[in-house]
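In each ligand, atom 1 is the first atom listed, and ligand 1 is the first ligand listed. Side chains are part of it too, since the values below use all heavy atoms of this structure and drop only hydrogens, waters and symmetry mates.
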Amino acid sequence: MCGIIGYIGNRNAIDVLMHGLKRVEYRGYDSAGISIIENNKLVTIKKSGKLTELYKVISHSNHFSNIGFGHTRWATHGEPNDINAHPHLDNSGKISIVHNGIIENCAILKDLLLKQGYTFKSETDTEVLAVYIGSIYEKTKDLTEATRLALSNIVGTFGLLVISEYEPDKIVGARRGSPLVLGIGQNEYILASDQTAIVDYTKRVIYPDDDEMVIVTKDNYILKTLDNIEINKKESTIDLELKQLEKKGFEHFMLKEIFEQGETIENATRGRMIFDTGNIKLGGLTEVTDKLRKARRIILTGCGTSWHSALVGEYMIESLAGIPVEVEYASEFRYRNPILSEEDIVIAISQSGETADTLEAIREAKRKGCTTLGIVNIVGSSIARATDAGVYLHAGPEIGVASTKAFTSQITILLLLALYLGRMNNISQMDGIRIVNEIKLLPKKINTILQQAPSIQKIAKQYANSPNFLYLGRGYNYPIALEGALKLKEISYVHAEGYPAAEMKHGPLALIDENMPVVVLATKDDIFDKLCSNIEEVKARKGKIIAIATEGNTGNKVLEDKAEHIIYIPETSNIITPILSIIPLQLLAYYIALERGTEIDTPRHLAKSVTVE
Ligand code: M6R
């Protein structure tokens with residue numbers, strides 16, 4: 001969750017740290033802090049609130065150093081305040097750490113340390129780790145060894161950096177379950193939770209794996225395991241351009257990302273569709289083609305928006321490939337001892353590739369002998385590396401906490417996968433050709449929807465003060481109803497629920513009165529008439545209908561009579577509809593949040609990358 005960045009080199013570390021913290025702020029933003037070593041003395045500055053609060057303090061100071069680290073926090077242990085903010089110090093005040101993750105055995109450790117006379121200022125698990133490392137340092141007089149020994153006794157997860165005025169020319173880093181990347185520059189190194197904080201300085205990186213440490217000085221770095229064995233690792237190259245990290249004139253990253261979807265769908269499909277045979281080419285799956293051909297069952301897993309993609313994927317794969325699909329919340333799957341066999345394919349869906357529950361679900365599936373695949377956006381992320389094979393989204397960095405372009409890319413990749421499997425099984429060449437040609441038209445159709453942003457904004461203004469919303473859809477649009485409601489909840493703090501439209505009469509109908517806006521996904525499909533009956537049920541209770549409809553559908557007459565507002569999307573086939581029907585809902589959520597004046601890109605209590613369970 002939290003963002004971390006460390007620097008050692010010839011620049012003023014404070015500038016690098018503050019710039020890097022801005023880049024990783026989307027990972028957590030309830031407090032922030034830095035530690036540097038200036039003239040062999042440890043200096044720590046931290047502040048609750050957004051990064052701007054820390055800026056205010058730092059801009060009035062005159063510090064300079066070539067080594068240090070920073071942290072932007074998403075609270076797990078202890079409320080967000082100055083004391084609980086990172087970095088945390090040991091009892092000597094000479095060792096400082098920043099940490100992303102959770103120390104599960106911190107209560108036992110704290111008890112042990114209290115009995116030995118150590119004291120604590122904060123409520124955090126991280127301070128327990130700092131004091132623990134300090135207590136071991138008293139005996140070993142070696143920062144790397146003290147860190148290594150402490151971490152060997154830790155239950156839990158960490159992406160960790162340690163510095164100390166005892167050894168002022170060194171940063172010690174380690175990871176288990178939380179990301180940490182080493183950037184290798186010209187006479188400088190950057191350690192960060194996220195490649196976006198590194199790309200300003202270098203594209204050369206090394207990804208330490210779980211239970212590995214990296215010890216960095218100005219001229220060198222060493223990698224070793226927590227078992228104290230030195231290792232070598234191949235360098236990778238960051239696949240990211242700086243300009244992708246800018247807002248490009250949009251007021252928020254979320255809006256920019258919504259508007260990028262024509263382009264991101266093109267990127268997701270480029271070179272992957274063969275138009276004269278209706279086949280799909282997914283290079284990342286070549287090695288597992290045989291396993292896929294023999295697959296008896298596919299399990300799709302993820303969290304939040306990625307779980308909604310999985311629901312869409314279930315319909316797509318079952319319909320095109322005829323393979324049974326199950327969808328599991330990663331957080332449930334990993335703990336419920338699922339019955340799996342070697343013929344099962346488990347596919348993790350994740351924008352960040354770092355979501356702790358999804359990563360663990362994949363590890364559980366591997367332990368049980370399944371073939372594991374990743375549908376991931378961030379190249380080189382933990383899930384991308386933990387799976388046997390996979391397909392990247394190529395959607396570029398998604399900075400807004402509310403996932404938008406990653407969602408449409410995920411369902412596009414799932415559609416490609418469904419067609420890939422379908423063409424191995426029962427989908428004819430003609431049908432394959434028809435589908436790829438329709439997918440090709442998506443960017444143009446998406447841009448038509450985006451042009452309606454001003455009229456969607458008008459609708460948003462009208463309903464921005466409604467305390468509740470209901471979203472209804474059937475078939476492919478049921479997961480879209482869930483996703484539309486999630487978008488509204490997370491950025492505007494308005495209560496919203498998504499339902500399969502026909503389920504409404506089994507309970508939620510009781511909520512409907514003249515104050516309830518009901519967003520209905522009423523696109524052209526073979527259950528359109530059934531959906532119209534559901535609309536009648538809402539109207540009979542005086543609910544206000546905002547309908548998403550297909551241009552040119554002859555059935556739209558009913559909607560024109562019943563709906564207060566209709567937003568049209570271009571016609572496409574049923575299976576492709578969800579890639580279009582979500583876009584008006586993203587815009588509606590965005591403009592309602594804008595009207596309500598919330599922090600759209602960094603909504604309260606949330607973080608972009610959920611690396612704790
Ligand atoms: O990075 P991931 O796709 O694994 O993240 C999963 C969820 O945390 C994420 O989709 C979350 O629900 C978003 N904030 C939704 O907009």
Asks: Please work out, at 4.0 Å between heavy atoms, whether the side chain, the backbone, both, or neither of Lys608 comes within that distance of ligand 1.
Replies: neither
Asks: Dump the intermediate steps for salt bridge (Lys or Arg N to Asp or Glu O under 4.0 Å) on Asp194 and Arg23, then the final yes or no.
Replies: CA-CA 9 Å; Asp194 206 311; Arg23 289 267 197 252; over 6 Å; no
Asks: Please report which non-hydrogen protein atom sits nearest to atom 6 (C) of ligand 1, along with the residue it belongs to and the distance in Å to one decimal place.
Replies: Cys303 O, 3.3 Å
Asks: Are Lys291 and Asp388 close enough, and set up right, to give a salt bridge (Lys or Arg N to Asp or Glu O under 4.0 Å), and what steps lead you there?
Replies: CA-CA 11 Å; Lys291 298 243 164 122; Asp388 297 317; over 6 Å; no
Asks: Would you mind checking which non-hydrogen protein atom is closest to atom 10 (O) of ligand 1, with the distance to 0.1 Å?
Replies: Thr305 N, 3.1 Å
Asks: So, does Lys489 use its side chain to make a donor-acceptor pair with the main chain of Ala496 at under 3.5 Å?
Replies: yes
Asks: Which atoms of ligand 1 are found less than 4.0 Å from any heavy atom of Lys487?
Replies: 15 (C), 16 (O)
Asks: Apply side-chain contact (heavy atoms from CB on, under 4.5 Å) to the pair Tyr29 and Glu599, showing each step before the final yes or no.
Replies: CA-CA 11 Å; Tyr29 31 83; Glu599 295 270 12; over 6 Å; no
Asks: Which ligand 1 atoms does Ser352 reach within 4.0 Å, using its non-hydrogen atoms?
Replies: 1 (O), 2 (P), 4 (O)
Asks: Where does the angle between the aromatic ring planes of His71 and His86 fall among parallel (under 30°), tilted (30 to 60°) and perpendicular (over 60°)?
Replies: parallel
Asks: Enumerate the atoms of ligand 1 whose separation from the nearest heavy atom of Ser306 is less than 4.0 angstrom.
Replies: 2 (P), 3 (O), 10 (O)
Asks: Of the backbone atoms (N, CA, C, O) and the side-chain heavy atoms from C-beta on, which set of Glu490 has a member under 4.0 Å from an atom of ligand 1: side chain, backbone, both, or neither?
Replies: side chain
Asks: Mind telling me whether Tyr315 and Tyr476 have parallel, tilted or perpendicular rings, with 30° and 60° as the class edges?
Replies: perpendicular
Asks: Give a yes-or-no answer on whether the side chains of His495 and Asn468 include a donor-acceptor pair shorter than 3.5 Å.
Replies: yes
Asks: Is there a polar contact between ligand 1 and Ala402, counting only N or O atoms under 3.5 Å apart?
Replies: no
Asks: Side chain or backbone, does Thr355 bring an N or O within less than 3.5 Å of an N or O on ligand 1?
Replies: yes
Asks: In the protein, which heavy atom is nearest to atom 8 (O) of ligand 1, and how far is it?
Replies: Val610 CG2, 3.9 Å
Asks: Any non-hydrogen atom of Val401 lying under 4.0 Å from ligand 1?
Replies: yes
Asks: Do Asn84 and Ser31 touch side chain to side chain, with heavy atoms closer than 4.5 Å?
Replies: no
